[in-house]
Peer 1: 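Encoded as structure tokens, here's the structure I'll be asking about.
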Amino acid sequence: MGKYILARENGRVIPKEDKIFGINKLAKEMIAEKGKDAVVNATIGSLLDDQGNLVVLSSVVDVLKNLTPVDYADYAPIGGTPEFREAIKKAAFGNYVPGCHTEAVATPGGTGAIRNTISNYSDYGDTILTSDWYWAPYGTIASEIGRKLETFTLFNADDRFNIRSFEEKVNHLMSRQESLVILLNTPAHNPTGYSLTLDDWKAVLQVLEEAAVPGKTIALFVDVAYIDFAGDSEEYRKFLPLLDGLPENILPIIGYSASKTFTLYGMRCGAMIGMTPNPEIAAEFKLVNEYSARGTWSNSTRAAQAVIAKIYSSPELLQKVDEERTQCRDMLVRRGKAFEKAALEVGLAIVPFDSGFFASVPCANAEEVGQKLQKEGIFAVPLAKGLRISVASIPESACSMLPARILEAMK
Ligand SMILES: Cc1ncc(COP(=O)(O)O)c(C=O)c1O
């Protein structure tokens with residue numbers, strides 16, 4: 001007898017309720033009971049303004065409102081419209097022009113890019129590698145398609161990127177598998193806010209170059225879902241040239257999401273962009289990922305593709321969107337810095353933080369601390385290694401106040 005009435009288990013561990021949505025529900029119930037001012041809801045993974053409303057870029061909405069019926073009613077080609085494929089590369093690479101061959105395939109959000117990368121660059125039963133602090137859907141996606149997820153330790157005792165742990169895990173998995181998919185979420189990692197430095201990047205690539213012996217393959221998925229909210233957009237793209245010119249059995253794949261960058265979370269738009277010195281590998285990338293798209297979600301949302309293509313076809317429009325986003329990004333950066341500063345002041349240890357939607361507090365009994373905080377109207381997400389705070393969803397004043405309250409609850 002399986003675990004389910006009719007459904008098949010297929011090796012999956014399926015919780016009764018999504019944890020984050022569950023806690024968010026509790027926060028909403030408390031707001032309904034005690035009012036907005038009594039609750040700090042630091043669970044939500046979308047950027048909210050100081051009043052708790054979703055931030056939506058009005059410049060993007062204007063483009064959306066002016067779409068033609070065909071723009072939103074027609075099917076998009078499986079891999080995305082040609083204009084979108086070009087526009088999304090510009091969005092991902094910024095001013096940097098790669099010297100290698102690049103191929104973009106449209107996906108429903110960054111999530112689709114993760115799914116296709118795992119399904120096309122690992123074998124059934126393989127193990128995928130990511131860091132020990134990670135976005136939980138990585139595990140869900142892997143288990144849905146018959147893969148396992150293993151982690152390396154993200155930070156060493158000096159709170160720096162733990163290159164030794166990374167190297168150990170890469171070498172171990174490469175000794176067992178023909179190919180290895182690695183998921184690295186940077187800059188502005190979810191859930192810690194960490195961004196790999198250029199030195200981290202160089203060390204990572206050196207490990208990969210040594211591990212990728214002839215006959216074996218490494219797909220390095222760089223999840224840049226938060227890149228446009230990390231800080232100066234060119235500064236945070238400085239790692240990209242390091243991915244250009246790697247041996248051809250190492251395939252960097254940029255996982256780009258329109259959810260945050262264009263505040264189009266619900267429009268399900270994103271892309272996977274392969275970077276390779278070999279045109280045949282680029283053509284294969286397009287072929288296999290379009291095939292997988294056909295067999296899962298078919299094509300992606302045309303309206304979102306049209307919006308992004310139109311923005312990139314007009315320098316004025318692009319400037320307007322960039323300027324509007326910069327203001328929101330600066331608000332987010334201020335919140336993150338306020339949280340970091342207050343933590344330092346009260347003596348609350350946090351996981352190395354750089355920028356982004358989230359910061360994390362390491363603690364062994366995160367569930368217990370989280371529940372204690374909930375009684376005081378503070379809602380955060382307990383993870384295996386600590387508590388995740390969404391600075392994206394709370395005002396700067398709450399970011400400054402939270403560390404003392406968390407420290408108190410931990411005591
Ligand atoms: C780390 C990370 N990667 C990827 C995504 C992909 O998001 P979407 O599929 O909405 O583009 C998210 C969204 O929360 C995320 O946190």
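Source: prediction; values computed, not measured.
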Peer 1: Under a 4.0 Å threshold between the charged nitrogen and the carboxylate oxygen, would Glu376 count as salt-bridged to Lys372?
Peer 2: no
Peer 1: Any pair with a residue in residues 288-301 that passes salt bridge (charged side-chain N to carboxylate O under 4.0 Å, His left out), sequence neighbours left out, goes on the list, sorted by first then second residue, please.
Peer 2: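 For residues 288-301, and leaving out neighbouring residues, the salt bridge (charged side-chain N to carboxylate O under 4.0 Å, His left out) pairs sorted by first residue read Arg85-Glu290, Lys286-Glu290.
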Peer 1: Decide yes or no on side-chain contact (heavy atoms from CB on, under 4.5 Å) for Tyr312 and Glu86, but give the supporting numbers first.
Peer 2: CA-CA 9 Å; Tyr312 276 84; Glu86 281 315 303; over 6 Å; no
Peer 1: Spell out, as yes or no, whether a donor-acceptor pair under 3.5 Å connects the side chain of Thr130 to the backbone of Leu183.
Peer 2: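 Indeed, once roles are kept as given, a pair shorter than 3.5 Å links the two residues.
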Peer 1: Does atom NZ of Lys341 have more than 12 heavy-atom neighbours, drawn from other residues, nucleotides or ligands, at distances under 6.0 Å?
Peer 2: no
Peer 1: Pair Trp297, Arg268 - check side-chain contact (heavy atoms from CB on, under 4.5 Å), show working.
Peer 2: CA-CA 11 Å; Trp297 50 77; Arg268 309 310 302 139; over 6 Å; no
Peer 1: Can you check side-chain contact (heavy atoms from CB on, under 4.5 Å) on Tyr265 and Leu47, steps first, answer last?
Peer 2: CA-CA 10 Å; Tyr265 308 87; Leu47 184 61; 3.9 Å; yes
Peer 1: State whether Arg335 and Asp50 are salt-bridged, where the test is any N-O pair (Lys NZ or Arg NE/NH1/NH2 against Asp/Glu carboxylate O) under 4.0 Å.
Peer 2: yes
Peer 1: Check whether Asp244 reaches the backbone of Pro98 with its side chain - one donor and one acceptor, N or O, closer than 3.5 Å.
Peer 2: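 Not confirmed, Asp244 side chain does not pair with Pro98 backbone.
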Peer 1: Could you pull out the closest heavy-atom pair between Glu324 and Ser58, with the gap in Å?
Peer 2: OE2-N, 2.7 Å
Peer 1: Is Ser314 reaching over with its side chain to a backbone N or O of Ile311, donor-acceptor style, under 3.5 angstrom?
Peer 2: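 No, Ser314 side chain to Ile311 backbone: no donor-acceptor pair under 3.5 Å.
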Peer 1: Any side-chain heavy-atom pair from Ile254 and Leu243 closer than 4.5 angstrom?
Peer 2: yes
Peer 1: When rounded to the nearest 0.5 angstrom, what distance separates CG in Leu332 from OG in Ser393?
Peer 2: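 It comes to 10.0 Å.
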Peer 1: Flag yes if more than 12 heavy atoms outside Asp37 fall under 6.0 Å of its CG atom; otherwise flag no.
Peer 2: no
Peer 1: Main chain of Asn289, side chain of Ser292: is a donor-acceptor contact present, judged purely on distance under 3.5 Å?
Peer 2: no
Peer 1: Between Asn41 and Leu48, does the side-chain contact (heavy atoms from CB on, under 4.5 Å) criterion hold? Intermediate values first, please.
Peer 2: CA-CA 11 Å; Asn41 186 359; Leu48 306 185; over 6 Å; no
Peer 1: Would you find a donor on one side and an acceptor on the other, under 3.5 Å apart, between the side chain of Asn365 and the backbone of Glu368?
Peer 2: no
Peer 1: Counting distance only, does the side-chain N/O of Asp159 pair as donor-acceptor with the main-chain N or O of Pro352 below 3.5 Å?
Peer 2: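 Side chain of Asp159 to backbone of Pro352: no pair is present.
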Peer 1: Minimum heavy-atom separation for Ala293 to Ile78, with atom names?
Peer 2: CB-CG2, 3.8 Å
Peer 1: List the steps, then state whether ring pair (Phe, Tyr, Trp, His ring centres under 6.0 Å) holds for Phe339 with Phe358.
Peer 2: CA-CA 10 Å; Phe339 183 82; Phe358 308 102; over 10 Å; no
Peer 1: How close do Tyr96 and Pro241 get, counting heavy atoms only, and between which atoms?
Peer 2: OH-CA, 3.5 Å
Peer 1: Are the side chain of Asn185 and the backbone N or O of His189 linked by a donor-acceptor pair below 3.5 Å?
Peer 2: no
Peer 1: Are more than 12 heavy atoms from other residues, nucleotides or ligands located less than 6.0 Å from atom CZ of Arg176?
Peer 2: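 Atom CZ in Arg176 is crowded, with more than 12 foreign heavy atoms closer than 6.0 Å.
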Peer 1: Give a yes or no answer on whether the side chain of Thr261 reaches the backbone of Ala258 with a donor-acceptor pair at less than 3.5 Å.
Peer 2: no
Peer 1: Would you verify whether the NZ or CZ of Arg325 falls within 45 degrees of the ring axis of Phe262 while also being under 6.0 Å from that six-membered ring's centre?
Peer 2: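 Yes, cation above the ring, under 6.0 Å and within 45°.
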Peer 1: Under a 3.5 Å distance rule, please check whether Asp132 uses its side chain to pair with a backbone N or O of Leu154 as donor and acceptor.
Peer 2: yes
Peer 1: Does the Ser131 side chain pair with the main chain of Tyr134, one donor and one acceptor, at a distance under 3.5 Å?
Peer 2: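 Between the backbone of Tyr134 and the side chain of Ser131 there is no qualifying donor-acceptor contact (under 3.5 Å).
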Peer 1: Do you know which two heavy atoms are closest between Met174 and Ile218, and how far apart they sit?
Peer 2: CE-CG1, 3.6 Å
Peer 1: Write out all pairs satisfying salt bridge (charged side-chain N to carboxylate O under 4.0 Å, His left out) with one or both partners inside residues 140-158, taking only residues at least two apart or from two chains.
Peer 2: Arg12-Glu144, Glu150-Lys169
Peer 1: Is it the case that over 12 heavy atoms from other parts of the model lie below 6.0 angstrom from the NZ atom of Lys320?
Peer 2: no
Peer 1: Below 30° counts as parallel, above 60° as perpendicular, anything between as tilted: where do the rings of Phe155 and Tyr194 land?
Peer 2: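 Judged by the thresholds at 30° and 60°, the geometry between Phe155 and Tyr194 is perpendicular.
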Peer 1: For Thr186 and Ser195, which heavy atoms make the closest approach, and how far apart are they?
Peer 2: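 Thr186 and Ser195 have their closest heavy atoms at OG1-CA, 3.5 Å.
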Peer 1: For the pair Glu234 and Arg237, find out whether any cationic side-chain nitrogen is under 4.0 Å from an anionic carboxylate oxygen.
Peer 2: no
Peer 1: Does atom CD of Glu209 have more than 12 heavy-atom neighbours, drawn from other residues, nucleotides or ligands, at distances under 6.0 Å?
Peer 2: yes
